[in-house]
Amino acid sequence: MKFCDMVYARPDIENILKRLSALKDKIEGAADAATQIEAYNEADSLIENYSTLGSLAYVRHTINTKDEFYDKENDFFDENGPVISDAIHSINKVLLKSPFINELKAHYGELLFLNTEISLRCFSSEIIGLAKEEDKLQSDYQKLYASATVLWDGETIPLTMLGVHKQSADREVRKKAFLKDAEFFHSHKKEFDEIYDKLIKNRNKQARILGYDNFIQMGYDRLGRNCYTPKEVASF
């Protein structure tokens, strides 16, 4: 199937949240590991479908940020993503407290539970509002960057198309391309700086609410880094 043929429909958030809540209760009240596995797999399938639709909306939005339909869909996921994350967070907390944890680890493998423990550190219902704001700021950056055009040999082209000229065998062409790129960012310095400043403050605030010193380790945890820390990276 071609990407353009993939069908998109806005997910029913209320229904997803209702089903996830019921599955959380099923996992919590299960009398055996098999029931928990069945419920967890169903929840995972729900999230996978939601994430696929979110990816479709995001990619199509970034292809053309002026497309009103996908612009609204991107806003929809910015607003609801943290709410879905909270529901997943609740399920994961219950799963890690399972009296059948050894059977679950035998079924899924140890890595799932290590990554789940990491994910629990970097989210809670306390930061939902900040997480929504962060998603919006990231979208604002994407729209600003996607709006970038430059004049090249008498033709207006997207900034991203300078990439091929940056790889030119002609040094002067490469220099011209990099200067054109820099001109755009310099002319929009204020907008980029404002977004960057707000993101730093937002993410550090989230991190401190969750008990981190700042966003650095939280950022590693979000990425699921389970075998090295900023200390090892600095050493490297």
- Does any non-hydrogen side-chain atom of Glu38 lie less than 4.5 Å from one of Lys26? yes

- Task: Say whether, by atom type as modelled, one donor and one acceptor occur between the side chain of Ser119 and the main chain of Thr116 under 3.5 angstrom.
- Result: yes

- Message: Measuring from atom CZ of Arg60 to atom SG of Cys4, what distance do you get when rounded to the nearest 0.5 angstrom?
- Response: 8.0 Å

- Message: Testing the basics here: between Glu79 and Pro82, what is the closest heavy-atom pair and its distance to 0.1 Å?
- Response: O-CD, 4.0 Å

- Flag, side chain of Arg174 to backbone of Gln167, donor-acceptor distance under 3.5 Å: no

- Query: Can you get from Leu96 to Tyr40 by hopping between Ile, Leu, Val, Met, Phe, Trp and Tyr side chains that sit under 4.5 Å apart?
  - Reply: yes

- Rounded to the nearest 0.5 angstrom, the CD-CG distance for Glu126 and Leu210 is 7.0 Å

- Task: Quick one: do Phe215 and Arg222 satisfy side chain to side chain contact (heavy atoms under 4.5 Å, CB included)? Show the steps, please.
- Result: CA-CA 10 Å; Phe215 183 71; Arg222 276 188 177 182; 3.8 Å; yes

- Message: Determine whether a donor-acceptor pair (N or O, by modelled atom type, separation under 3.5 Å) exists between the side chain of Asn92 and the backbone of Leu120.
- Response: no

- Query: Does the pair Glu134/Lys198 count as a salt bridge with the N-to-O cut at 4.0 Å?
  - Reply: no

- Message: Tell me if a side-chain donor or acceptor on Asn204 pairs with a main-chain N or O of Ile200 at a distance below 3.5 Å.
- Response: yes

- Just by modelled atom types, is the Ala31 backbone N or O under 3.5 Å from a matching donor or acceptor in the Thr35 side chain? no

- If only atom types and distance count, is the side chain of Thr62 paired as donor or acceptor with the main-chain N or O of Tyr58 below 3.5 Å? yes

- Using the ring-ring contact (aromatic ring centres under 6.0 Å, His included) rule, collect all pairs that involve residues 66-95, keeping only residues at least two apart or in two chains. Tyr8-Tyr70, Tyr50-Phe77, His89-Phe123

- Message: Would you say that Asn226 contacts Leu111 through its side chain, given a criterion of any heavy-atom pair below 4.5 Å between the two side chains?
- Response: yes

- Is it true that Asp75 and Lys136 have a side-chain N and a carboxylate O under 4.0 angstrom from each other? no

- Do Ser98 side-chain atoms and Val94 backbone N/O form a donor-acceptor pair below 3.5 Å? no

- Query: Among the clusters formed by ILVMFWY side chains lying less than 4.5 Å apart, do Tyr228 and Phe236 turn up in the same one?
  - Reply: no

- Task: Kindly confirm or rule out a cation-pi arrangement of Arg225 over Tyr220, judged by NZ or CZ under 6.0 Å from the six-membered ring centre and within 45° of its axis?
- Result: no

- Query: Is the closest side-chain heavy-atom distance between Pro11 and Asn49 below 4.5 Å?
  - Reply: no

- Task: Check whether any side-chain heavy atom of Gln138 lies under 4.5 Å from a side-chain heavy atom of Asp78, and answer yes or no.
- Result: no

- Message: Who clusters with Leu162? Use side-chain heavy atoms, under 4.5 angstrom, across I, L, V, M, F, W and Y, and order the result by chain and number.
- Response: Leu137, Tyr141, Leu144, Tyr145, Val150, Trp152, Ile157, Leu159, Met161, Val173, Phe184, Phe185, Phe192, Ile195, Leu199

- What one should report as the nearest heavy-atom pair of Arg10 and Lys72 is NH2-O, 3.9 Å

- Value rounded to 0.5 Å, distance of CG in Asn102 from NE2 in His107: 14.5 Å

- Does the pair Lys205 and Leu130 meet the rule for a side chain to side chain contact (heavy atoms under 4.5 Å, CB included), with working shown? CA-CA 8 Å; Lys205 189 172 182 179; Leu130 286 167; 3.9 Å; yes

- To the nearest 0.5 angstrom, please state how far the CG atom of Leu20 sits from the CD1 atom of Ile84. 6.0 Å

- Note: Cys122 and Met218 closest approach over all heavy atoms is O-CE, 3.7 Å

- Could you go through the side chain to side chain contact (heavy atoms under 4.5 Å, CB included) check for Arg19 and Glu42 one step at a time? CA-CA 9 Å; Arg19 292 173 67 186; Glu42 186 177 342; 3.8 Å; yes

- Note on the structure: When every non-hydrogen atom of Ala39 is compared with those of Leu23, the smallest separation belongs to O-CD2, 3.8 Å

- Using a 4.5 Å cut-off on heavy atoms from C-beta on, say whether the side chain of Leu17 contacts that of Val83. yes

- Task: Report yes or no: do Ile216 and Ile118 belong to one cluster of Ile/Leu/Val/Met/Phe/Trp/Tyr joined by side chain heavy-atom distances under 4.5 Å?
- Result: no

- Note on the structure: Correct closest heavy-atom pair for Ala9 and Leu53 would be O-CD1, 3.4 Å

- Query: Within the distance-only criterion (no hydrogens, no angle test), does the side chain of Ser139 pair as donor or acceptor with the backbone N or O of Asp135 below 3.5 angstrom?
  - Reply: yes

- Query: Taking the side chain from Gln36 and the backbone from Ile27, do they hold a donor-acceptor pair closer than 3.5 Å?
  - Reply: yes

- Is Arg208 salt-bridged to Asp213, cutoff N-O under 4.0 Å? no

- Message: Tell me if a side-chain donor or acceptor on Ser45 pairs with a main-chain N or O of Asn41 at a distance below 3.5 Å.
- Response: no

- Residues in side-chain hydrogen bond (donor to acceptor under 3.5 Å, both in side chains) contact with Lys18, at least two apart in sequence or another chain: none

- With sequence neighbours left out, what residues match Glu232 under side-chain hydrogen bond (donor to acceptor under 3.5 Å, both in side chains)? Thr229

- Item | Results of side-chain hydrogen bond (donor to acceptor under 3.5 Å, both in side chains) for Tyr212 - residues two or more places apart only | Asp221

- Task: Can you see which heavy atom on Met6 is nearest to which on Leu56, and at what distance?
- Result: CB-CD2, 3.9 Å

- Before giving the answer on side chain to side chain contact (heavy atoms under 4.5 Å, CB included), spell out for His188 and Asp193 the whole-Å C-alpha distance, their side-chain angles and the decisive distance to 0.1 Å. CA-CA 9 Å; His188 292 81; Asp193 282 354; over 6 Å; no

- Message: Rounded at 0.5 Å granularity, tell me how far CD1 in Ile47 sits from OG1 in Thr52.
- Response: 11.0 Å

- Message: Hydrophobic cluster membership, with links at side-chain heavy-atom distances under 4.5 Å among I/L/V/M/F/W/Y: are Ile91 and Phe100 in one?
- Response: no

- Item | From Asp181 atom CG to His165 atom NE2, the distance as rounded to the nearest 0.5 Å | 12.0 Å

- Query: Lys175: what forms a side-chain hydrogen bond (donor to acceptor under 3.5 Å, both in side chains) with it, not counting sequence neighbours?
  - Reply: none

